[in-house]
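Following: one structure in structure tokens, then a few remarks.
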Amino acid sequence: MQNNNNTPGIGDGINVDLDMELQEFRGILAEALAEGGTQPLLRLTDEEIAVLDPDSLTECVAPTPRLPELSPQEREWAYATALRSLVSREAVEIANIEELDAVLRSAEAHPETADTPSGVNADLRITPEVSLALTLRRTAARALAVEQHTSNGTTHMLVYVHSDDLYLVERVTSGGLHMFTLAASAKDAADMVLLFVDPFEVADKDGRLLELTPEQISTDDVGTALSDAINNALVVGQTVLLSDTPGPLLTTYATQQSLWTVYVEKPNAPTGIQARPVGKNTLRKMMTNLITQG
């Protein structure tokens, strides 16, 4: 795909070329963020991402919850609608629109050939903001993946780590809306994760630390206080660091009165499992440490 630099914004003047050094690209973005600070980038739907970057459906960690619900025919209709939406919002320009129109008119006039490939591909030219989001979600050295479970379903948040002053945060709703934000610091990214796992801000104060074993976890022998928090949680968060080396897992249980954390240092480790109720500052520190590890 080619980029169209006509849209103003943080990506103005930045053309993500295949030959461009990634480190230089990150440096340019970090400088722009240093001036403007953390800021929203754009929103895309599952279908729009599928049109813009189809390979990402299997190569990226972010889910696309709406697409599996669609039949093949419904998916084709959804993709056509998504492309129209992208064009109408000027997120995408189709350089060969007249050629495609001719193909569509021919298909309408001769429906018996509708399933025959035309040999004409859409020449999509995308705006810098779209290019930034698609590039940064593919090129991060590591990412923090967060799941939020409530009675309304499951939503996701990904923090793509590029440098100490450049993070892409992607929030994915259960309906397949992807909201991208550029964060200028690990603290800013951690604050977004903090609000995601504790939306009612019940994290109050730190409590006594419990050292647990895998056997206690598997048999639910975790004590009355933690067991009550697990059984009465309104929001359950699962946060894991995705990198070349498997990272720690942090599970949060937010009730009406408090928030408990269960921290597992390494997958399948016989020790290193810690649980306790935490306050907001401690929770922020834990999230920041997860983001900056490695």
Side-chain angles (χ1 to χ4, degrees), residues 61-63 65 142-161 167 169-174 186-294:
V61 296
R142 63 188 186 278
L144 194 72
V146 191
E147 287 187 358
Q148 181 204 75
H149 302 270
T150 69
S151 58
N152 293 324
T154 302
T155 56
H156 300 79
M157 178 174 283
L158 287 300
V159 178
Y160 303 94
V161 181
Y167 306 83
V169 181
E170 177 181 3
R171 180 171 179 175
V172 187
T173 69
S174 57
K187 178 185 176 299
D188 286 357
D191 280 342
M192 283 184 269
V193 177
L194 189 73
L195 190 59
F196 189 62
V197 300
D198 185 21
F200 305 116
E201 300 186 86
V202 296
D204 184 22
K205 59 183 179 180
D206 296 345
R208 184 171 64 90
L209 183 68
L210 303 177
E211 296 282 354
L212 302 173
T213 65
E215 290 74 23
Q216 287 177 286
I217 297 292
S218 61
T219 60
D220 293 330
D221 182 22
V222 294
T224 302
L226 176 55
S227 181
D228 286 345
I230 293 173
N231 292 331
N232 294 290
L234 301 177
V235 181
V236 177
Q238 290 184 311
T239 305
V240 63
L241 180 65
L242 305 176
S243 61
D244 293 336
T245 303
L249 171 68
L250 178 67
T251 304
T252 56
Y253 300 95
T255 68
Q256 289 183 331
Q257 292 85 26
S258 64
L259 185 141
W260 277 75
T261 62
V262 177
Y263 178 82
V264 181
E265 186 175 8
K266 295 181 181 178
N268 304 316
T271 60
I273 303 176
Q274 300 177 336
R276 61 172 168 170
V278 297
K280 185 175 182 178
N281 289 336
T282 297
L283 184 59
R284 179 186 291 109
K285 182 178 179 180
M286 296 176 78
M287 292 301 181
T288 303
N289 287 341
L290 283 173
I291 291 172
T292 57
Q293 279 191 19

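We count residues from 1, following the sequence as given. The basis for the numbers below is simple: all heavy atoms, side chains too, and nothing from hydrogens, waters or symmetry mates. Since the model is a prediction, treat every value here as computed from it, not as a measurement.
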Check: [Y] main-chain N/O paired with [X] side-chain donor or acceptor under 3.5 Å:
| X | Y | answer |
| --- | --- | --- |
| T150 | N152 | yes |
| R142 | Q293 | yes |
| S218 | E215 | yes |

Nearest 0.5 Å, please: how far is CZ in F196 from NE2 in H156? 8.0 Å
Using 0.5 Å steps for rounding, measure from the NE2 atom of H149 to the OH atom of Y253. 9.5 Å
Using every non-hydrogen atom in the two residues, find where [X] and [Y] come nearest and quote the distance to one decimal.
| X | Y | value |
| --- | --- | --- |
| G279 | A203 | C-CB, 3.9 Å |
| R208 | R276 | O-CB, 3.4 Å |
| P248 | Y263 | CB-OH, 3.5 Å |
| E170 | Y160 | OE1-OH, 2.6 Å |
| Q216 | L212 | OE1-CA, 3.3 Å |
| W260 | A225 | CZ2-CB, 3.6 Å |

Dump the intermediate steps for side chain to side chain donor-acceptor pair (under 3.5 Å) on T255 and N232, then the final yes or no. CA-CA 6 Å; T255 68; N232 294 290; over 6 Å; no
Could you go through L144 and L158, starting from their C-alpha distance and side-chain angles, then the distance that decides it, and tell me whether this counts as side chain to side chain contact (heavy atoms under 4.5 Å, CB included)? CA-CA 6 Å; L144 194 72; L158 287 300; over 6 Å; no
Under 3.5 Å, is there a donor-acceptor pair between the S258 and D204 side chains? no
Cut-off 3.5 Å, side chains only: do Q148 and T155 have a donor facing an acceptor? yes
Evaluate the side-chain proximity of T239 to L249: yes if any heavy-atom separation is below 4.5 Å, no if none is. no
Is there a side-chain contact between L283 and T261 in this structure, where contact means two heavy atoms from C-beta onward sitting under 4.5 Å apart? yes
Could you go through the side chain to side chain contact (heavy atoms under 4.5 Å, CB included) check for Q256 and L234 one step at a time? CA-CA 7 Å; Q256 289 183 331; L234 301 177; 3.6 Å; yes
Once side-chain contact (heavy atoms from CB on, under 4.5 Å) is applied, do any residues pair with A186, and if so which ones, sequence neighbours excluded? Y167, T288, I291, T292
Could you please spell out the steps behind the side chain to side chain contact (heavy atoms under 4.5 Å, CB included) verdict for Q274 and V262? CA-CA 6 Å; Q274 300 177 336; V262 177; over 6 Å; no
Could you give me the CA-CA distance, side-chain angles and deciding distance for V235 and V197, then say whether side chain to side chain contact (heavy atoms under 4.5 Å, CB included) is met? CA-CA 7 Å; V235 181; V197 300; 5.6 Å; no
Please determine which of D188, D191, D198 meets the salt bridge (charged side-chain N to carboxylate O under 4.0 Å, His left out) test together with R284. D191
T154, T251, I230, T252 screened by side chain to side chain contact (heavy atoms under 4.5 Å, CB included) with V236, the one that passes: T251
